[in-house]
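Below you'll find the structure, written out as structure tokens, and then a few comments.
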Amino acid sequence: MYLNVHSYNSLCYGTMPIADLVAKAAAFGYRVLPLTDINTTMGVVDFIFECKKLNVRPVAGCEFRNGNELLYVALAKDNQGYAELNIFLTQHNISKLPYPEQAPQWEHVFVMYPFGKRNPNLLRENEFLGVRLSQLTKLFRCDYLDKLVMMQPLTFADEDDFQLHQNLRAIDKNVLISRLEKADCATEDEIFLSLERLKTSYVLYPQLIENTANLLDHCEINLNDEIKNRKCFTDNVFDDRELLRKLAFDGMFYRYGKSNKTAYRRIEKELEIIERMNFCAYFLIAWDIVRFAMSQGFYHVGRGSGANSVVAYCLKITDVDPIELDLYFERFLNPKRTSPPDFDLDFSWKERDVIIDYIFKKYGSDHVALLGATVTFQQNSLCRELGKVHGLPKSEIDLMERNPQAFAQSSDLARQILALSERLQDFPCQRSIHAGGVLITEDPITDFVALDLPPKGFPTTQFDMYSAEKLGVEKIDVLSQRGIAHIRDAVEMIRQSRGISLDIHRIECLKNDELVKRQLLKAETNGCFYIESPAMRGLLRKLHCSDYKTLVAASSIVRPGVAKSGMMREYIYRFHHPESVDYKHPVLKNLLEETYGVMIYQEDVLKVCHYFAGLDLADADVLRRMMGHKMRDRSDFEATKQHFFDNCKAKSYPDELVQEIWRQIESFSGYSFSKAHSASYAVESFQSLYLKSHYPLEFQVAVVNNFGGFYQTWVYLNEAKRMGANIHLPCVNRSLYLTSLNGKTVFMGFVHLQGIDQKFAEKFIAERETNGAFASLDDFVSRVPFELNQLVLLVRGGAFSFTKKTKAELLWMAHLNKSQAKLEPSATLFNVETQHFEFPDFKTNALENAYDEIELYGFPVSMSWFDMLQTRFRGELMAVQMANFIGRKFRMLGKLVTVKYVHTAKGDLMALGTFTDCNGEMFDTVHFPNALKIYPFQGDGVYLLYGKVVEDFGYPSLEVEKMAKMPYLQNPKAE
């Protein structure tokens, strides 16, 4: 009978996964088992459900430590005791205070102190002293056996685990294994003993065995999988139902009009399922969050499986019309769905914390928490960590990462390290935060788990989404993205500069806008959410995409799973040649005619599994969850796979057809989108594209100011230049901290000047706004307190170019004025006449300025990258001409934008490049393994590229045979 048991959730300490721990306990004859991980209850939910599978009674507990010092072990008598432990843990995690040496006076918790730690006469009724096997010799003539229990710690499955434990401790302490201290590690005797052997070890002290058994008999924890979310939005279930019905039908009139019978029937069907499954409150809470956001003027995008629901559409949770796209409601919610659904609500990265703060205040901090996540050891990080603690030099660690087989042949130690890395793969190493999950529960969150307080500032569960799902707690994902901020900032800029108020949520108007369609057809999507990457631009061109529904499909087939399986290329071909499609079976034609016989959405998989293979919706949902990597245990998946093949065989389907269908299903693993998710992305893409099409400069400035997107800032400024803008360096008289637009002139913001202090920038901008523009550097110095290094940055960054003085002269003046640095303007009692000096005739050097700009901004502004080259050659072919010369070979000159490395089917490395020509137009390149090996990329710069112009479904690119990085003119400062 163990009272002190560690799993691998005692991070970088325990060595046993929970499933292995419980399985071994059952095999060893234990019918009751506690879990007491160090300073955490993160594993308790998983532990309880694993114990139920094997008929082992679980006991929830925790081991409390300050550093290496073991204070006490606590076991919950019941659910109330478990809550007491979680509250205690949470209080200390939030306050960051050490744990007290004496446990609190808990009412529903047993406490075990290490033997010899406390005076037995001072123990409370619920407190005991725990005796390890190594301490039994100290019990001779002990007269307080009634207060003693067996407390041999359990940390290892067997003796071999001690080495694993040492490596974990060294990684945690960031020291060499040889430098570990004795107190850093568990003792070697903390191995798993069978029940019989453990009792035998304490046989001389039967009262300890009896005390321990009696203590465990009084402990029981029961957490089931019933839904634990907030049960009512209003005061009762009836009012929730009535409110949801009212909102749904009011929304129907707004979205569809009063006489749409299709919408009416769909809403009635959805409401019946929502009410039957008790999800009214869940919908109303999502509606309430969106309502609050809209009242604050915040933009949002509702996406994910929630967009399959017409009720969600009518409540304005989403802007996707499920009827228009024939979205499959059962993907979101069905009576046999084995896991709760969730809503994904995206807000601007600037506003997400306001939304989360509202949720905590509205529903109570005791009932709300952010969802935690578990970071696990992965192969590359493990190799590096294990290499470090074993003292390997960097060269050997690099070899281990790059070529494990070669490394394994170098020594016994190398083989030992690789064996350890295999064992530690997927071990949890730290707790983190889920990207956006928020939990809102009926009972206090601490009834289920303890909370951390990460730097984000909101309480966060110690368990992750897998445990939350087992427990029956649905999350609402409140996420942030910069695409929404692009849209909102652009709309606000248009309102301020042009006096035009746009309703960017008029989705139908955006979808039918002819200019937007033309821009989409040309893949003019730089800066537009989700559709600006080289892969997506190429796909749009290959599909000749000019409408919303095609964009929805493109948003899904660009995902790695579909692309890697070859189905993306097949889809494009069938899209252009629908007459060539062979559906193989009438059922597949009925299910997949819209997508030309190719499964591109999660819904396609659900429908094929349900209608073609005869799986029920629960089994089909297992596949859906596994495709999204939303299951930790693959046993259900394997059983469902077998069920799929058995059903197909019973239906006498040809083996070749079944294998091909399954191959497509498997290709989705981890990368698939639901159709609703793709549709939500497409809506946001259309909003971005509408702004880019009609208000290109405002849109590009908004993209620059939100520092988000696929490309670097210089690419977005280059795009603004393509759209007719004049790009200016920051100016103390014209610029703001962020980039601004005046007519067709874009003034870069001071935020881009590396090293500038934001408070200093805001101070001189405020001075300018209050008392007018600066007449000169001297005027600036007399009005603004400064530090010399900050003034020098402004000068070198071109912020005083309006003075028409050279940088050299301005720098001299700045240094001569350094005596006034840090002085407030009011510090001088009298106006002091500015001294004037005669300076030599400094010459302006444009190339030197460009090098300064690269140093300070990361890219040149006053001239282009091409202007800095030693050669005047600009290429034999420009990007816009490529489509006219398919099959011919040319030399092209391009500034590298981005490169993506991929592996061929044979495992060889190849690359896909994107460049801009001297006119700022983008073109794509393909670098096959042989060429890439001889002519590799050599970092950022301008490249001379030689190769053949090829096309794929009408989209041209350069198949590179040779390339060389071109030299720039030397920086005059270096001469």
Side-chain angles (χ1 to χ4, degrees), residues 1-38 40-63 73 75-76 150 152-165 168 186 188-201 212-213 216 219-225 374 376-377 419-420 422-429 463-464 466-467 469-471 622 626 631-642:
M1 294 167 288
Y2 281 106
L3 298 181
N4 186 14
V5 180
H6 304 122
S7 75
Y8 69 178
N9 289 306
S10 291
L11 301 178
C12 292
Y13 192 97
T15 62
M16 285 183 285
I18 283 177
D20 295 352
L21 171 67
V22 177
K24 189 148 190 161
F28 273 176
Y30 291 90
R31 287 291 163 257
V32 58
L33 186 71
L35 182 69
T36 57
D37 281 315
I38 298 171
T40 183
T41 57
M42 64 183 287
V44 167
V45 171
D46 288 350
F47 175 71
I48 290 171
F49 283 90
E50 286 296 324
C51 284
K52 285 182 179 179
K53 289 180 186 177
L54 298 176
N55 199 29
V56 175
R57 177 161 55 87
V59 175
C62 185
E63 177 183 307
V73 174
L75 296 181
M150 304 159 56
Q152 173 65 12
L154 171 54
T155 307
F156 318 125
D158 51 40
E159 290 86 349
D160 292 341
D161 275 4
F162 183 68
Q163 184 187 27
L164 198 68
H165 169 75
L168 285 169
E188 294 185 55
D189 67 346
E190 296 181 20
I191 59 173
F192 211 149
L193 303 176
S194 68
L195 179 59
E196 183 180 354
R197 184 176 170 190
L198 184 62
K199 284 184 175 181
T200 302
S201 301
T212 305
L216 288 173
C219 294
E220 185 170 6
I221 182 75
N222 182 26
L223 294 176
N224 56 43
D225 58 359
T374 305
T376 58
F377 285 117
L420 286 167
E422 287 183 17
R423 286 201 61 191
L424 288 173
Q425 183 89 11
D426 294 326
F427 264 48
C429 56
F463 63 38
D464 59 20
Y466 302 105
S467 298
E469 185 177 306
K470 285 181 183 177
L471 195 58
V622 168
M626 187 58 71
M631 293 177 68
R632 223 172 353 211
D633 183 359
R634 290 186 62 91
S635 58
D636 288 344
F637 176 76
E638 295 301 329
T640 303
K641 176 181 176 180
Q642 188 60 49

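Values below: all heavy atoms of this structure, side chains included; hydrogens, waters and symmetry mates excluded.
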Hits for ring-ring contact (aromatic ring centres under 6.0 Å, His included) against F192, two or more places apart or cross-chain, chain-then-number order -> Y2, F28, Y30
Keeping T36 on the side-chain end and V73 on the backbone end, is there a donor-acceptor pair under 3.5 Å? no
Any chance NZ of K52 has more than 12 other-residue heavy atoms, nucleotides or ligands included, within less than 6.0 Å? yes
Can S467 and F47 be said to form a side chain to side chain contact (heavy atoms under 4.5 Å, CB included), step by step? CA-CA 10 Å; S467 298; F47 175 71; over 6 Å; no
d(L193 CG, E190 CD) to nearest 0.5 Å is 11.0 Å
So, taking the atom named CG in L424 and the one named CG in L168, what distance separates them when rounded to the nearest 0.5 Å? 5.0 Å
State, to 0.1 Å, how close Q152 and D189 come at their nearest heavy-atom pair, and which atoms those are. NE2-O, 3.1 Å
Just by modelled atom types, is the Y13 backbone N or O under 3.5 Å from a matching donor or acceptor in the H6 side chain? no
Just verifying a value: how many Å separate D464 CG and E469 CD, rounded to the nearest 0.5 Å? 10.0 Å
Donor-acceptor pair, S10 side chain versus I38 backbone, under 3.5 Å? yes
Side-chain donor or acceptor of R57 paired with backbone N/O of L216 under 3.5 Å: yes
Over all heavy atoms of both residues, which pair between N9 and D37 is shortest? Give the atoms and the distance, please. CB-OD2, 3.5 Å
What's the shortest heavy-atom distance between P428 and T374, and which atoms? CB-CG2, 3.4 Å
Non-hydrogen side-chain atoms of L164 and Y8 separated by less than 4.5 Å: no
Any heavy-atom pair between the side chains of E50 and K53 that's under 4.5 Å? yes
Taking the side chain as every heavy atom from C-beta outward, state whether S7 and L35 have any pair of such atoms under 4.5 Å apart. yes
Heavy-atom closest contact (L75 atom, P34 atom, distance): CD2-CB, 3.8 Å
Distance (rounded to the nearest 0.5 Å) between N224 CG and F49 CZ: 7.0 Å
Could you list the residues that satisfy salt bridge (charged side-chain N to carboxylate O under 4.0 Å, His left out) with R197, not counting sequence neighbours? none
Which atom of L195 lies closest to which atom of M1, heavy atoms considered: CD1-N, 3.5 Å
Got L223 and K470 here, is their nearest side-chain heavy-atom distance under 4.5 Å? no
T155 (side chain) donor-acceptor with G14 (main chain) under 3.5 angstrom: no
Which atoms form the tightest heavy-atom contact between F427 and T15, and what is the distance? CZ-O, 3.4 Å
Side chains of C51 and I48, heavy atoms from C-beta outward: is any pair under 4.5 Å? no
Distance-only criterion, 3.5 Å: show the donor-acceptor pairs between side-chain atoms of residues 16-27 and protein atoms not counting sequence neighbours.
residue : atom : partner : partner atom : Å
K24     : NZ   : A157    : O            : 3.4

Pairwise side-chain contact, D46 with F463, heavy-atom cut-off 4.5 Å (strictly under): no
